[in-house]
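Because the structure is predicted, anything quoted here is derived from the model rather than measured. These numbers come from the heavy atoms of this one structure, side chains and all, not from hydrogens, waters or symmetry mates.
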Amino acid sequence: MNGSSLLLQFPLYHFLKYIRKPPFTSFSWRSSWRSSFLYGQHVNSLQQCCSKKMILFKGLKSSLCCPATKEQQTHDLSDKDQRLLDRLYGGLIQGHRACLAEAITLIESTHSRKKEIAQVLLQKVLSYHREQEQLNKGKPLAFRVGLSGPPGAGKSTFIECFGKMLTERGYKVSVLAVDPSSSTSGGSLLGDKTRMTELSRDMNAYIRPSPTRGTLGGVTRTTNEAILLCEGGGYDIVLVETVGVGQSEFAVADMVDMFVLLLPPAGGDELQGIKRGIIEMADLVVVTKADGDLIVPARRIQAEYVSALKLLRKRSKVWKPKVIRISAKTGEGISDIWDKMTEFQDLMFTSGELLAKRRRQQKVWMWNVIQESMLDHFRSHLAVRDQIPLLEEKVASGILTPGLAADLLLKAFKEKY
């Protein structure tokens, strides 16, 4: 077992606790399907202990600094799992849509074994992706665009019109549409394909609706990984459509190169309804449905947002957010959007901001996954899970404050460690 595998299975505070124990004459690892642990015998020489600890730390440091080879990653897979992995990876990089769909289903699975296979697949795709970017002189292979806006803004209609224009120009487009799950039944409509009938039949386009399953912000934890798979499948442009207006914008902005906010022209007091924090994140504001009787309101809203954006702090040194009007019905402004996007991509890449942004986003999503995993671990812990229903009932009935109940659960959790 290498050091990185150890740290994933063996909590750091346990590891440090054992390191602080009396000296050992020898170190070795015992592993089982449940845990990995350290054992040894006492020694009389402090110098021997320090030497052995330094060797152990150096081994762990070397293992963590050097990425595992593909042979090491696939060592523990069964023959059946290995065949599945090879089939999905081979089909994915050859551009087979069925393999892409199956791979995304695999990473969305909550089954522990499938999650392990999914991570090996993602690591292989990441290595392939890195090699292709090096051949492309360091320029990203795909352009990631986040699309959001209030219900009724015409997001799906815009995506179909915009996607068709891109495929006609020779691009391959993938759409990751996140649908809200019901808090009552847990189900989702997943109706984006029915609203994008022409684009869903286009062989150069791939539409993948995914349920939120209660994820905060409407963006699932696997959306970021699905983007990587789509890029590995040869798609030049990845569009991520999010749910409504709110926390989802903050989540999707941490996984895309450009964030586009779509607004309807007759939604009331827009500058009040769409809060400042969301406007600050937008690289491009698009006023939709600018046709017929809505042309005049669309022009007015465009002017209001142009003025509002001048008051906000710039997030980029090379790009100033713009506001444009479009009509998916008539096609007006659709090509202008793509011109603005390519201009944004070129400026951001040339200045180095694009690659710096992607590196920062990867760190953010690593910690997001850690937070989610730690919460799951906390809820399922033996010292906590039996007390949760009791304390929840006391909080609901007003016997305990939420803060005190949380402190009691955290204390029970920490005492076991």
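Side-chain contact of Arg208 with Thr105: a donor-acceptor pair under 3.5 Å is present, judged by distance alone. Under 3.5 Å, the side chains of Gln132 and Asn136 contain no donor-acceptor pair of N or O atoms. There is a side-chain donor-acceptor pair under 3.5 Å between Asp291 and Ser327. In summary, the side chains of Ser78 and Asp81 do present a donor paired with an acceptor at a separation below 3.5 Å, with no hydrogens or angles considered.
In this structure the side chain of Gln362 reaches within 4.5 angstrom of the side chain of Asn224, judged on heavy atoms. Side-chain contact between Phe143 and Phe349 is absent, with no heavy atoms from C-beta onward closer than 4.5 Å.
To the nearest 0.5 Å, atoms CD (Gln302) and CZ (Arg325) are separated by 4.5 Å. Atom-to-atom distance recorded for Lys322:NZ and Leu309:CG is 10.5 Å, nearest 0.5 angstrom.
In this structure, Lys357 has no side-chain hydrogen bond (donor to acceptor under 3.5 Å, both in side chains) partners at least two apart in sequence or on a different chain.
Between Tyr128 and Tyr89, the ring-plane angle classifies as perpendicular under the 30° and 60° cut-offs.
Among pairs with a residue in residues 345-355, those fulfilling side chain to side chain donor-acceptor pair (under 3.5 Å) read Ser316-Glu353, at least two apart in sequence or across chains.
Across Arg130, Lys172, Arg144, a single residue satisfies salt bridge (Lys or Arg N to Asp or Glu O under 4.0 Å) together with Glu231, and that is Arg144.
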side-chain hydrogen bond (donor to acceptor under 3.5 Å, both in side chains) between Gln82 and Asp86, worked out: CA-CA 6 Å; Gln82 186 64 54; Asp86 293 340; 3.0 Å; yes
